[in-house]
Trainee: 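Submitted below is the structure of interest, expressed as structure tokens.
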Amino acid sequence: MALTQAQQAELTEAQAARHETRRATVPALEAMLFTPIPVLDHGFVRVVDYMGDDGAVVQAARVSYGRGTKAANEDRGLIRYLMRHRHSTPFEMCEIKYHVKLPIFVARQWIRHRTANVNEYSARYSVMDREFYIPAPEQLAAQSSSNRQGRGDVLQGAEAEEVLRLLREDAARNYDHYAWMLNEDEAGNVQDESRSGLARELARMNLTLNAYTQWYWKTDLHNLLHFLSLRADAHAQYEIRVYAEAMLDTVRAWVPHCYEAFADYRMGAVTLSAQMLAIVKRMLAGEAVTQATSGLSKREWRELMETLGRAA
């Protein structure tokens with residue numbers, strides 16, 4: 001991951017700045033502020049700003065004046081109760097803002113979460129950077145035969161080499177055509193005085209989806225945890241999952257009690273339907289339940305058995 005000189009100068013200035021405040025701050029997250037966490041080959045996630053901490057969640061739940069009216073272990077217990085029983089409003093009292101650099105196809109998947117404030121780099125106003133996501137060889141996989149949204153076996157040998165070649169060449173060729181149509185370099189300087197050049201808002205349509213974009217993404221803790229529960233899951237697409245995993249590290253530093261409860265009651269937990277729960281009770285009572293006698297579909301039965309660590 002390479003930062004431009006302008007980005008590095010901005011980063012250095014932001015890290016050097018100090019501001020007096022009466023609001024709650026979190027030393028562990030303060031230490032991470034502005035510092036890019038590398039993701040993929042050219043991407044990153046960095047925390048730009050935040051509001052609140054574990055105490056803000058507790059304060060909102062109790063609607064107390066000031067802070068810290070209870071012992072820390074009681075605060076932890078309350079946060080775990082709130083998470084366990086899905087009382088989400090107190091978690092909305094905390095907010096965080098990220099600066100993210102990511103491939104366009106990941107951004108289009110990410111934007112499906114409509115619970116954040118987003119401002120993206122404008123290719124109508126600025127020239128896009130010549131940077132593209134090229135997967136590592138171990139991420140090149142065939143379509144899964146059992147999951148329409150997933151990957152199967154990793155490609156090998158000549159086929160994998162050809163795929164990588166095509167990805168690199170197509171991205172580079174399309175960017176060259178984009179630059180030619182613009183008739184300007186990344187700084188906006190005209191390349192050929194004899195041509196007018198195509199408008200930026202039109203030329204951008206020729207870029208490949210693995211080109212990188214950037215945005216500022218601000219959300220509250222409740223919606224952030226919902227995003228992470230889906231995108232940090234093992235079933236999520238790798239390219240968005242690695243961003244979610246980087247963001248999990250910032251949550252762990254920011255609100256450790258909330259993170260602990262989230263890991264226990266969301267990431268590390270499962271949900272059983274009423275039918276599934278009834279089957280588990282029958283099993284605990286000693287009944288030999290089968291798929292045929294369970295009332296579940298074959299897929300539901302397989303999922304239940306996987307959850308229980310049993311052969312389907």
Side-chain angles (χ1 to χ4, degrees), residues 1-3 36-46 98 100-113 128-176 178 206-215 217 226-252 263 266-271 297-312:
M1 178 201 67
L3 298 178
I37 303 172
V39 184
L40 298 179
D41 49 359
H42 300 294
F44 62 74
V45 170
R46 67 182 183 122
Y98 293 98
V100 187
K101 183 178 180 180
L102 68 172
I104 291 173
F105 74 93
V106 176
R108 297 303 156 255
Q109 186 180 48
W110 190 319
I111 204 67
R112 291 291 301 145
H113 299 270
M128 297 288 284
D129 293 332
R130 188 188 179 93
E131 289 184 314
F132 323 105
Y133 167 61
I134 304 298
E138 61 270 20
Q139 297 304 328
L140 291 178
Q143 179 65 43
S144 170
S145 59
S146 60
N147 181 358
R148 293 183 181 180
Q149 296 188 91
R151 301 177 189 181
D153 295 333
V154 175
L155 300 181
Q156 302 293 334
E159 183 178 10
E161 292 177 5
E162 179 65 6
V163 168
L164 287 173
R165 184 187 70 80
L166 289 172
L167 287 172
R168 293 190 185 99
E169 289 186 3
D170 287 355
R173 181 195 66 238
N174 280 30
Y175 190 91
D176 288 343
Y178 164 73
N206 201 51
L207 293 170
T208 50
L209 290 178
N210 63 340
Y212 273 86
T213 184
Q214 300 183 40
W215 63 28
W217 193 78
H226 176 68
F227 169 84
L228 295 176
S229 69
L230 297 172
R231 299 307 185 178
D233 185 85
H235 297 93
Q237 182 174 343
Y238 167 78
E239 283 79 11
I240 197 169
R241 188 171 74 245
V242 288
Y243 281 93
E245 289 169 350
M247 295 164 77
L248 274 174
D249 289 339
T250 67
V251 174
R252 185 188 295 111
R266 294 292 183 274
M267 296 298 291
V270 296
T271 299
S297 67
K298 291 182 178 179
R299 183 170 184 174
E300 286 180 301
W301 175 258
R302 184 176 66 252
E303 292 173 354
L304 176 60
M305 291 301 101
E306 289 174 355
T307 296
L308 299 178
R310 296 190 175 193

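Each residue takes its place number in the sequence, starting with 1.
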Trainee: Where do Arg173 and Asp176 land on the salt bridge (charged side-chain N to carboxylate O under 4.0 Å, His left out) test, with the steps shown first?
Mentor: CA-CA 5 Å; Arg173 181 195 66 238; Asp176 288 343; over 6 Å; no
Trainee: For Leu40, is there any backbone N or O sitting under 3.5 Å from a side-chain donor or acceptor partner on Tyr243?
Mentor: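 No: the side chain of Tyr243 does not pair with the backbone of Leu40.
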Trainee: With respect to Trp110, which candidate in Tyr98, Phe105, Trp217 satisfies the ring-ring contact (aromatic ring centres under 6.0 Å, His included) definition?
Mentor: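 The single option meeting the ring-ring contact (aromatic ring centres under 6.0 Å, His included) with Trp110 is Trp217.
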Trainee: Where is the tightest heavy-atom contact between Arg112 and Arg108, given as atom of each residue plus distance?
Mentor: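 For Arg112 and Arg108, the tightest heavy-atom pair comes out as CG-O, 3.9 Å.
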Trainee: So Gln214 and Val100, do their side chains get closer than 4.5 Å, heavy atoms only?
Mentor: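 No, side chains not in contact.
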Trainee: Taking all heavy atoms of Thr208 and all of Ile104, pick out the closest pair and write down the distance.
Mentor: O-CD1, 4.2 Å
Trainee: Leu164 and Pro137: which non-hydrogen atoms are nearest, and at how many Å?
Mentor: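 Reported closest heavy-atom pair: CD1-CG, 4.3 Å.
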Trainee: Using side-chain heavy atoms (C-beta onward) and a distance below 4.5 Å, is Met247 in contact with Arg231?
Mentor: no
Trainee: Measure the shortest side-chain to side-chain distance between Leu207 and Met128 over non-hydrogen atoms and say whether it is less than 4.5 angstrom.
Mentor: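 Heavy-atom side-chain distance check passes, below 4.5 Å.
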Trainee: How close do Lys101 and His42 get, heavy atom to heavy atom, and via which atoms?
Mentor: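 Closest approach of Lys101 to His42: CD-O, 3.3 Å.
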Trainee: Donor-acceptor check, side chain of Asp129 to backbone of Glu131, threshold 3.5 angstrom: yes or no?
Mentor: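 No.
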Trainee: Could you tell me which non-hydrogen atom of Ala107 sits nearest to which non-hydrogen atom of Thr213, and how far apart they are?
Mentor: CB-CG2, 4.0 Å
Trainee: Which heavy atom of Arg130 sits nearest to which heavy atom of Tyr175, and what is that distance?
Mentor: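 Heavy atoms only, the tightest pair is NH1-CD2, 3.2 Å.
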Trainee: Give a yes or no on whether the backbone of Ala236 and the side-chain of Arg241 come within a donor-acceptor separation of less than 3.5 Å.
Mentor: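 Yes; at least one donor-acceptor contact below 3.5 Å.
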Trainee: Only pairs at least two apart or in different chains count here, so list each salt bridge (Lys or Arg N to Asp or Glu O under 4.0 Å) that has a residue in residues 156-165.
Mentor: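 Residue pairs passing salt bridge (Lys or Arg N to Asp or Glu O under 4.0 Å), neighbours aside: Glu162-Arg165, Arg165-Glu169.
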Trainee: Can you name the side-chain hydrogen bond (donor to acceptor under 3.5 Å, both in side chains) partners of Asn174, sequence neighbours left out?
Mentor: none
Trainee: Can you check whether Pro103 reaches Tyr212 side chain to side chain, under 4.5 Å on heavy atoms?
Mentor: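 Yes - at least one pair of side-chain heavy atoms lies under 4.5 Å apart.
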